[in-house]
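Structure first, then comments.
All values below come from the heavy atoms of this structure, side chains included, with hydrogens, waters and symmetry mates left out.
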Amino acid sequence: MALTIFNSLGNRKEPFVPLEPGKVKLYLCGVTVYDFCHIGHARANVAFDIIVRYLRFSGNQVTFVRNFTDIDDKIINRANEQGTDYLSLSTRYIEAFYEDFDRMGLLRPDVEPKATEHIPEIITLCERLIAGGKAYPVAGDVYYSVKGFKEYGKLSGKNIDDLLSGARVDVDERKKDPLDFALWKSSKPGEPFWESPWGPGRPGWHIECSAMVMKHLGETIDIHGGGKDLVFPHHENEIAQSEAATGKPFARYWVHNGFVNVDDEKMSKSLGNFFTLREVLKVVKPEVLRFFFASSHYRSPIDYCDTNLSEAKAGLDRLYRVKEKAEGYLASGAFPCAIPPGDDFAPVRDAQTRFREAMDDDFNTAAAMGHLFDAVRAINKLATDDPKAEPWKAGAFLSGFMQLNPLFDVLGLLRLPSADYFRNETSEGAEGRMPESEILGAIEARREARGRKDYPEGDRIRKELEDSGVLLEDGKAGTTWKYKD
RNA sequence: GGCGGCAUAGCCAAGCGGUAAGGCACGGGACUGCAAAUCCCUGAUCCCCCGGUUCAAAUCCGGGUGCCGCCUCCA
């Protein structure tokens, strides 16, 4: 079965056929670096991280480009507020961006262009549009002439007349038409600027993406992504500029992710109801957040709340227990061996096929995870307390896990050794924790108590540990422990 | 006002014409000194409502109702 992608351009699922077989050119709109990333950014980037991982898993050579918008009004304003300059501000938030995103296990794109490093390309593109009669300079600004592009609105489904009748189009007497948007903005005194044929100024928001796409990927790319809110006007304008300049289709597939809601309301900077990623990662493990995102389809809205997060944690814990067992079996000298025949184990044997089928259907991670859980239940049937006594079970369990592992990796899950997952991670959770030596001492004391059948004392110790956030699990090979979190 | 999306068990969530995946929570059983983990069993006679098409609809069509998003910077 072939990959099908929901294309916002046309609003329907289409078979995915890259321009060049086996090669995928993908551009994702990055962030404007004037503040910390919030969980909406995290969701978008996790969604495309999984898309890139899956495209590569399926054998494609993917060139993944994601920009930084490092110059615009918000950055300038914020820099002024903080008494700093745009460059120090954007540099600081780019550093913060990497700190947060790296913790999320997000792949670094192949190219991460910055708007300010592409001023010549942006100017050239403006000149090309002016020369073609698609844009015009006015008093140091350059505007794009929307009415000159007949297909304007084809992505967002809007038509020019409706837009004109809307009261929200800003009026600027310098524009020939209210719908026209700025490609180049002249700088006001004290603002950062770059020299241009129209005088000192800076690029408008939309043009930078067109220029960077063309420079790093070419005039037609395969996939252009971003959040749903970018459809209009940003992506609509990118199409208008780019296609007017080149006469070629700009992107073959437009992919847009749904929002993160808080209390069923869109979370956004403008509403002020947003959680920053670093704030959330103090109390939520990064992979729990990934699991949470992956458990819904990327185009659906997702509701961020404690209940949903703890459900995600419970689910991920279960997956990590499988990994924990596999690691234990490996350490005890087990080696992979054949999975027994029979329908009981079909979910493991067919895991990859089923997983791919789900992912090929517009990256249906929720369905894919369903299949993974089926497989997990199947290999858990092979779990044994004593791998040395039942080596075939441990071995079959191991090979089952090894078949699943690459699939989890596509989702970016189970990247840590299980001990790290269960024992570390959230910075806040780590504070005030009982040290390992103390835990081991208590376990030893409990072992002695249980040895002399003093169960009340044993239970007391276990309860005491639990109250301190440490869970004990007795197995044939001894007692193991993990932090509750 | 214009455009678009969604409504499935207590909660989250797949399903895209062939008779309701999966997760979490709950209950019963096995295992355990007791727990935990793991395994087994159990849960929607039905998919917001009303019509229609079809041999067959949660899935298609029409009409309601209720949420949500975009049209303004926004992942």
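When the side-chain nitrogen and oxygen atoms of Asn364(A) are compared with OP1 and OP2 of G15(B), one or more of them lie within a distance under 4.0 Å. The side chain of Asn380(A) places an N or O atom within less than 4.0 Å of a non-bridging phosphate oxygen (OP1 or OP2) of C39(B). Here Lys381(A) reaches the OP1 or OP2 of C40(B): one of its side-chain N or O atoms lies under 4.0 Å away.
Atom name C1', nucleotides U32(B) and A44(B): the rounded distance is 35 Å, in whole Å. Separation of the C1' atoms belonging to G15(B) and C60(B) is 15 Å when rounded to the nearest angstrom. Between U54(B) and U59(B), the two C1' atoms lie 13 Å apart (nearest whole Å). Across the C1' atoms, U72(B) and C67(B) are found 23 Å apart, a figure rounded to whole Å. With both ends at atom P, the span from G17(B) to C61(B) equals 11 Å, rounded to whole Å. The same atom, C1', is picked in A20(B) and in A9(B); the two are 10 Å apart, to the nearest Å. For the C1' atoms, the distance linking G18(B) with C46(B) amounts to 16 Å, nearest Å. The gap from the C1' atom of A13(B) to that of A58(B) amounts to 14 Å, rounded to the nearest Å.
Rounding to the nearest 0.5 Å places CG of Leu55(A) at 7.5 Å from CD1 of Ile51(A).
Gly227(A) comes within contact range of the sugar-phosphate backbone alone, with a heavy-atom separation under 4.0 Å but no base atom that close. Within 4.0 Å of Leu230(A), counting heavy atoms only, lie sugar-phosphate atoms of the nucleic acid but no base atom. Nucleic acid contact class of Arg452(A) (heavy atoms, under 4.0 Å, all strands): none. Here Tyr455(A) lies in heavy-atom contact (under 4.0 Å) with a base. Within 4.0 Å of Gly30(A), counting heavy atoms only, lie sugar-phosphate atoms of the nucleic acid but no base atom. Across all strands, Phe292(A) comes closer than 4.0 Å to no nucleic acid atom at all (heavy-atom distances). Among the atoms of the strands shown, only primed sugar atoms or phosphate atoms (P, OP1, OP2) are found under 4.0 Å from some heavy atom of Arg321(A). Backbone-only engagement by Lys325(A) is indicated by non-hydrogen atom pairs under 4.0 Å involving sugar-phosphate atoms exclusively. Among the heavy atoms of the strands lying under 4.0 Å from His38(A) is at least one base atom, whether or not backbone atoms are also near. Residue-level contact check: Ser295(A) touches the backbone only, with heavy atoms under 4.0 Å from sugar-phosphate atoms and none from bases. Among the atoms of the strands shown, base atoms are found under 4.0 Å from some heavy atom of Arg450(A). Contacts of Lys266(A) with the nucleic acid, taken as non-hydrogen atoms under 4.0 Å apart, include base atoms. Within the nucleic acid shown, Ser300(A) comes within 4.0 Å of sugar-phosphate atoms alone, with no base atom in reach, counting heavy atoms only.
The environment of Lys484(A) atom NZ is dense: over 12 non-hydrogen atoms of other residues, nucleotides or ligands sit within 6.0 angstrom. Around CG of Asp306(A), the count of heavy atoms belonging to other residues, nucleotides or ligands within 6.0 Å does not exceed 12.
Picking from C73(B), G22(B), A75(B) the nucleotide with the shortest atom distance to the side chain of Phe373(A) gives G22(B). Across C70(B), G23(B), G69(B), the shortest atom-to-atom separation from the side chain of Glu265(A) is found for G69(B). Of the candidates C70(B), A36(B), C16(B), C70(B) carries the atom nearest the Lys158(A) side chain, counting heavy atoms from C-beta on. Out of C24(B), A75(B), A13(B), the shortest distance to the side chain of Ala314(A) is found at C24(B). Here C34(B) is the nucleotide among G15(B), A75(B), C34(B) with the atom lying nearest to any side-chain atom of Arg462(A). Side-chain atoms of Asp459(A) lie closest to C34(B) of the nucleotides C39(B), G69(B), C34(B). Among the nucleotides A75(B), C34(B), U38(B), the one closest to the side chain of Arg318(A) is U38(B). Taking every side-chain heavy atom of Asp374(A) into account, A21(B) is the closest of A21(B), C11(B), A37(B).
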Q) Given pairs defined as Watson-Crick or G-U wobble with both distances under 3.5 Å, what dot-bracket annotation applies to RNA chain B, with ( ) intrastrand, [ ] crossing, | other strand and . unpaired? A) ((((((((.[[[..)..(...]]]..((((.......))))......[[[[[..)....]]]]])))))))....

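Separating the NE2 atom of His256(A) from the P atom of G69(B) is a distance of 18 Å, rounded to the nearest angstrom. We find that CG of Asp49(A) is positioned 14 Å from C1' of A75(B), with the value rounded to whole Å. Whole-Å rounding puts the Glu311(A) CD to G22(B) P distance at 16 Å. Atom pair Asp360(A):CG and C16(B):C1' shows a separation of 16 Å (rounding to whole Å applied). The nearest whole Å value for the distance from the CZ atom in Phe408(A) to the P atom in G22(B) is 16 Å. Look at CZ on Phe345(A): it is 12 Å from P on C39(B), rounded to the nearest Å. One atom, CG of Leu372(A), and another, P of A13(B), lie 19 Å apart when rounded to the nearest Å. With rounding to whole Å, Asp385(A) atom CG is found 12 Å from A36(B) atom C1'.
Ion pairing between a basic and an acidic side chain is recognised when a charged N comes within 4.0 Å of a carboxylate O; Asp49(A) and Arg53(A) show such pairing.
A distance of 6.0 Å or more separates the ring centres of Phe275(A) and His38(A). In this structure, Phe181(A) has its ring center closer than 6.0 angstrom to the ring center of His206(A). A ring-centre distance under 6.0 Å is found for Phe36(A) and Tyr93(A). For Phe6(A) and Tyr253(A), the ring centers are positioned 6.0 Å apart or more.
Taking 3.5 Å as the limit, the base of C34(B) and the side chain of Asp474(A) contain a donor-acceptor pair of atoms between them.
Where Leu28(A) and Gly157(A) meet RNA chain B, the nucleotide closest to each residue was compared, and Gly157(A) sits on the side nearer the 5' end. Where Arg377(A) and Pro301(A) each meet RNA chain B at their nearest nucleotide, the meeting point lying more 5' is that of Pro301(A).
Asp177(A) and Tyr143(A) form no side-chain donor-acceptor contact under 3.5 Å, judged by distance and modelled atom types alone. Judged purely by distance below 3.5 Å, without hydrogens or angles, the side chains of Tyr54(A) and Asp360(A) pair a donor atom with an acceptor atom.
Of the options Asn257(A), Asp362(A), Asn364(A), a side chain to side chain donor-acceptor pair (under 3.5 Å) to Tyr298(A) is made by Asp362(A) and by none of the others.
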